[in-house]
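Each chain gets a letter, A, B and so on, in the order the sequences are listed, and its residues count up from 1.
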Number of protein chains: 2
Amino acid sequence: MSKVTIYDVARVADVSLATVSRVLNNPEKVKPKTRERVLAAINELGYRPNAIARGLASRRSTNVGLIVPTCSRASVSEMIDGVADIADKYRYSVFLNVTHNENDIATNVWQNMIASQVDGVLMMADKLSDDEIERLANDTVPTVLLSVKDLDGRLPAVLIDYELAAYEATKKLIENGNKDIAFITSSSYYAMNELKEQGYRRALAEAGLEPRILGLYNKFENSLEAFKEFFANNAAPDAALAVRDSVAVMFMNAAIEHGISVPNDLEIIGFQNTKYAIMSRPQLSTINIPTYDIGAVAMRLLTKLMKEEEVTETQITLPHSFVWRSTTK
Amino acid sequence: MSKVTIYDVARVADVSLATVSRVLNNPEKVKPKTRERVLAAINELGYRPNAIARGLASRRSTNVGLIVPTCSRASVSEMIDGVADIADKYRYSVFLNVTHNENDIATNVWQNMIASQVDGVLMMADKLSDDEIERLANDTVPTVLLSVKDLDGRLPAVLIDYELAAYEATKKLIENGNKDIAFITSSSYYAMNELKEQGYRRALAEAGLEPRILGLYNKFENSLEAFKEFFANNAAPDAALAVRDSVAVMFMNAAIEHGISVPNDLEIIGFQNTKYAIMSRPQLSTINIPTYDIGAVAMRLLTKLMKEEEVTETQITLPHSFVWRSTTK
DNA sequence: TTGAAAGCGCTAACAG
DNA sequence: CTGTTAGCGCTTTCAA
């Protein structure tokens, strides 16, 4: 569409194209009067610089890549909103790519993005191999990890201390006098969930209690059935910590249908503080995670990295908190 | 990073850069033997074509723009997944932009995307003015509307017949013998919700019943309070249709806390068939919307439009269905 | 079947 | 402060 090029503007304003380029990129270097003439011409013609040509000439695209496993989990969609808002603010465009949690895809996508000349990338991907981390860390275009981090801290990252959060939640459950505390986790393999499990185990170990891990199926509907079956065939635990609010609510619903009273016979804590927690009955006690902020802070960090500003803190841990509602005593 | 250019490949393969370009874009026009030599060189050097340079030279970017009001509503995040999957399949990259429902922003974003040389755009935006629609429709880069449509059908669109869905749901409620049927809507202005309201009103009008519209606040927490207040100060309706599952569940929870029995004293139907509907107690009857498919189908339609293939049907209505659970008799 | 050459629309030295 | 001049890395005629 935009058939109007920088040449047209230059002609109308009666200057060289270099001057037009200057008022666009370094307006202070142009005499006010000329600048105005150029601006007027731009307006008159409805000129919009061609981002691609600009990218080619300047070797900077003002594009960033965003790699996520999926959009349709609240924990990631809110983060995307955070990324998008800050990107917008700094006038970056964001390339979205969803990998469905397949790692080789993530790495491949990353390479494609680099080839597409993004200036930086935000990546949410589990279990990157050492080689992969090495490659990301050594590339000239900066990559920031979302929610997860590599253990050696080679890559910038914005995350939550999931281990600590789970540890503290479990500890609370222990303090409330519970002995048989279950951990309800997902069968799919998330690094995040592994950290949560570690925190859970640490708290139990300190108290000399036995862990009890309950896996569940990826498919939502199957999980409900699985939970029902669980309560039909097993002694119910005294308390439970779940990897996500939705999981916690499903577990709770199954328990209640089995005649168990929450929180009297069974205390439950979720993870994330989503709407699920408010909408369940009883309302779910949960760990509040600043999801939006993870995205926003990561994007902000990335802008600094891209501008090669001095960044003191390259691995940022955002604070979690607890929201005590009606599923805990 | 990819410092390797097409020249390097040409040199190593001992051909001209034109030939390398050909094996990339029209492999059949190159003698198999040469082709293999080039391919080998590409492999050896780890060459990846620079998407930006390619875009500039070919005037096609293989990028599409995706404009949404937010990511963190299930109805849009699932759609995004649909778009992303199909885009991936056709090797398009997607530029994501969230507008927070502000229309002037959406139009502006659209222009920026066009300037960024996208080959097409998918847009979810309410209440576009006639001028805006005109502009989108007349541009050389195709735009497909998501979920909403312009009334004259000038723009391609993929959507649900929300009016009909609401009409049918309301009719079911009427057939069940309810007289006082409420419509629970959001105070923010969505074209979609307006259509739902129209369907609701049509069904009531046909039955000679009076409509009863209940607005609610945008903020989730406030809504719960508002609903509680509603039940404290007003006669409860016999039945209700809500614009979203989450709204339906909140309304139901408030009702139940007020001592109303669902579905005996109050029948409720939601919209969307999200996890909320399964996780509520009782489980919510709702209208199933193929959210993922809206995105997927729209993206597929867009690829055709971009290739200038013949498209017979430019406004596609996807089917809805009903899921009767425990909040209806 | 291949190569030479002319751009795509812009930025960025370098002069002036 | 402004203009001239090279490219950025690739596609695409046009000839050979």
| A:I67 backbone acceptor or donor facing A:N97 side chain under 3.5 Å |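 Not at all, since once roles are kept as given, no pair shorter than 3.5 Å links the two residues.
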
| message | Main chain of B:T5, side chain of B:D8: is a donor-acceptor contact present, judged purely on distance under 3.5 Å? | response |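 Yes; judged by distance alone, with no hydrogens or angles, the pair exists.
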
| message | Measuring to OP1 and OP2 of C:dT2, would you say a side-chain N or O of B:T34 lies under 4.0 angstrom away? | response |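 For B:T34, the contact criterion (side-chain N or O under 4.0 Å from OP1 or OP2 of C:dT2) is met.
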
| message | Check the phosphate of D:dG3 against A:T19, side-chain N and O only, distance under 4.0 Å to OP1 or OP2. Yes or no? | response |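 Answer yes for this pair, as a side-chain N or O of A:T19 is under 4.0 Å from OP1 or OP2.
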
| query | What pairs of residues pass the side chain to side chain donor-acceptor pair (under 3.5 Å) test when at least one of them lies in residues 28-45 of chain B, not counting sequence neighbours? | reply |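 Listed by first then second residue: nothing to list.
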
| Going by heavy atoms in the side chains, are A:V148 and A:L195 under 4.5 Å from each other? |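 A side-chain contact under 4.5 Å is absent here.
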
| Stepwise side-chain hydrogen bond (donor to acceptor under 3.5 Å, both in side chains) test for B:R154 and B:N138 | CA-CA 9 Å; B:R154 271 173 291 176; B:N138 288 335; over 6 Å; no

| request: Assign a letter to each nucleotide of nucleotides 8-16 of chain D from its 5' end: B, base within under 4.0 Å of a protein heavy atom; S, sugar-phosphate only; -, no contact. | output: BBBBBB---

| request: For B:K31 and C:dT2, give me the distance from atom NZ to atom C1', rounded to whole Å. | output: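 It works out to 9 Å between those atoms.
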
| task | Rounded to the nearest angstrom, tell me the gap between atom CG in B:D14 and atom P in C:dT2. | result |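 So the CG-P distance, B:D14 to C:dT2, works out to 12 Å.
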
| Which atom pair, heavy atoms only, marks the closest approach of A:I42 to A:L24? |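 Of all heavy-atom pairs spanning A:I42 and A:L24, the closest is CD1-CD1, 3.7 Å.
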
